[in-house]
Amino acid sequence: MSKRKPKAAAKQSANSIEEVQQLLRRRVYGHDLLTEIIGLEQERGVLLDLVKRTATLGESNSVLIIGPRGAGKSMVLSSVLEEINQQKDVKENCMQVTLNGYLQTDDRIALKEITRQLYLENTVGDKVFGSFAENLQFLLQALKSGGQQSKPIIFILDEFDLFAHHRNQTLLYNLFDIAQSAQAPICVIGLTCRLDVIELLEKRVKSRFSHRQIYIFNKLTFEEYLRVFKLSLCLPVDFGDLKFVQTWNKNVESLVKEASLLDVLKRLFETNKDIRTLKSLMTVPVCRLSSSHPNLEASDFIDSCRLLTQDSKSNILLGISILELCLIIAMKHLMEIYDGEPFNFEMLYNEYRKYAERRSSMQMFDRQVVMKAFEHLVALELVRPLDGVGSKTQKEYRLMSLLVEPAQLSEALQRYPGCPTEIKQWAQTAVLG
């Protein structure tokens with residue numbers, strides 16, 4: 001028996017780590033909400049009151065949630081809907097329709113999606129309607145039961161500004177008209193990142209909109225930012241084995257106090273307070289969890305931050321050939337000689353040849369090979385033709401511009417595997433001028 005106990009304990013621990021990883025993945029990828037909304041409590045309260053009045057009292061409302069991407073618009077709305085749906089009578093009677101401006105690109109597609117989400121395909125059947133308004137009114141009438149009022153419906157219009165580009169804004173007009181005239185209990189909620197969205201609305205649509213607007217901006221302090229980080233990684237009390245939960249949460253508490261991790265979080269916070277970026281930072285550490293790596297460590301977050309903040313062009317430079325690297329350096333020299341003026345292939349080839357002839361150890365490539373390497377750099381968008389240059393110009397004489405900064409070249413040279421010392425020295429003279 002004594003031999004089996006350690007195996008059983010190890011198996012249980014492995015299962016627990018796997019369950020932890022699944023839970024954290026759902027949080028990081030946005031499917032599971034945090035237990036509390038931090039920094040947006042007031043905005044959430046206003047929205048909750050509006051939605052609750054529609055769901056429980058049958059009061060019609062319309063509201064726009066406005067804020068930059070990643071500020072928490074969808075998170076606040078999801079939190080409100082989750083709380084509303086916990087009430088049994090609301091969950092059974094209140095219906096929800098979600099439309100997205102990227103998917104429902106015209107009113108016909110939007111109406112078809114509304115019909116599908118209200119489960120009224122069979123009711124509509126092959127009926128022909130004279131107008132959009134008539135069709136929508138029929139859908140709402142179909143939700144009535146006997147002499148009772150229609151079921152409350154919450155319409156969520158994600159990417160709201162794109163619906164304003166629909167022809168005559170028919171969908172918006174009819175939804176706002178129904179909400180204003182209280183023909184049926186509906187709540188129209190639009191989410192957009194455009195601050196000028198009201199100016200996009202036609203006069204007749206604007207007149208029927210309630211002009212309720214909830215502005216959401218990321219105004220987290222660093223302490224609140226840390227709290228979001230900690231809550232995202234801590235386990236709920238009802239997760240499972242209480243002892244395991246306490247141990248895990250204690251480790252997270254200790255992790256947040258480590259100086260190296262605090263430094264990473266401060267740098268990220270000063271660059272971008274976006275919670276999406278914070279969740280991106282958690283992705284690598286969460287994915288590394290396993291029976292052999294059962295705890296989150298500061299080094300995991302440091303590696304993740306390095307991956308998040310690394311420069312894409314520096315990484316591209318690590319994958320090019322020595323010849324292509326030499327051409328980049330030659331371009332830097334040309335820009336130094338001609339004070340940043342554009343260059344062409346002929347000038348570049350002459351600069352490369354002069355360097356290769358000075359270095360007896362340097363392999364001199366044929367002109368055609370150098371041209372192929374140059375074309376590859378253009379394809380990688382490290383070099384681009386200047387705007388306005390006609391296509392009739394021979395490729396050898398087309399004016400070009402280099403899109404690589406000195407710092408990017410320096411970083412790439414430090415990490416380039418097996419880069420000859422003489423090339424590094426040649427590059428240093430180009431970068432330092």
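Side chains included, hydrogens not; waters and symmetry mates left out as well; all remaining heavy atoms used.
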To the nearest 0.5 Å, tell me how far W426 CH2 sits from R358 CZ.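 Result: 8.0 Å between the selected atoms.
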Using a 3.5 Å cut-off and no angle test, enumerate the donor-acceptor pairs between side-chain atoms of residues 262-273 and protein atoms at least two apart in sequence or in another chain.
from: T271; atom 1: OG1; to: R267; atom 2: O; distance (Å): 2.7
from: N272; atom 1: OD1; to: D274; atom 2: N; distance (Å): 2.9
from: N272; atom 1: ND2; to: T277; atom 2: OG1; distance (Å): 3.2

Test: [X] and [Y] ion pair at under 4.0 Å:
X: E351; Y: K354; value: yes
X: K230; Y: E223; value: no
X: E113; Y: R116; value: yes

Residues 197-205 side chain polar contacts: donor-acceptor under 3.5 Å, at least two apart:
from: E202; atom 1: OE1; to: R204; atom 2: NE; distance (Å): 3.3
from: R204; atom 1: NH2; to: N168; atom 2: O; distance (Å): 2.6

Donor-acceptor pair, distance only, cut-off 3.5 Å: does the side chain of S304 make one with the backbone of L281?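 Side chain of S304 to backbone of L281: a pair is present.
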Using side-chain hydrogen bond (donor to acceptor under 3.5 Å, both in side chains) as the criterion, list what pairs up with E324, not counting sequence neighbours.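 Scan of E324 (side-chain hydrogen bond (donor to acceptor under 3.5 Å, both in side chains), adjacent residues dropped) gives S321, H376.
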Can you name the residues that form a side-chain hydrogen bond (donor to acceptor under 3.5 Å, both in side chains) with H293, not counting sequence neighbours?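 Partners of H293 by the side-chain hydrogen bond (donor to acceptor under 3.5 Å, both in side chains) criterion, ordered by chain and then number, come out as D300.
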Pick one: which of L48, I37, I65 meets side-chain contact (heavy atoms from CB on, under 4.5 Å) with V76?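 In the set L48, I37, I65, the residue that makes a side-chain contact (heavy atoms from CB on, under 4.5 Å) with V76 is I37.
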Please, which pairs that meet ring-ring contact (aromatic ring centres under 6.0 Å, His included) have at least one residue in residues 301-327, sequence neighbours excluded?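 Found F229-F301.
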Could you pull out all residues at least two apart from T283 that satisfy side chain to side chain contact (heavy atoms under 4.5 Å, CB included)?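 For T283 the side chain to side chain contact (heavy atoms under 4.5 Å, CB included) partners, ignoring immediate neighbours, are V28, Y29, C287.
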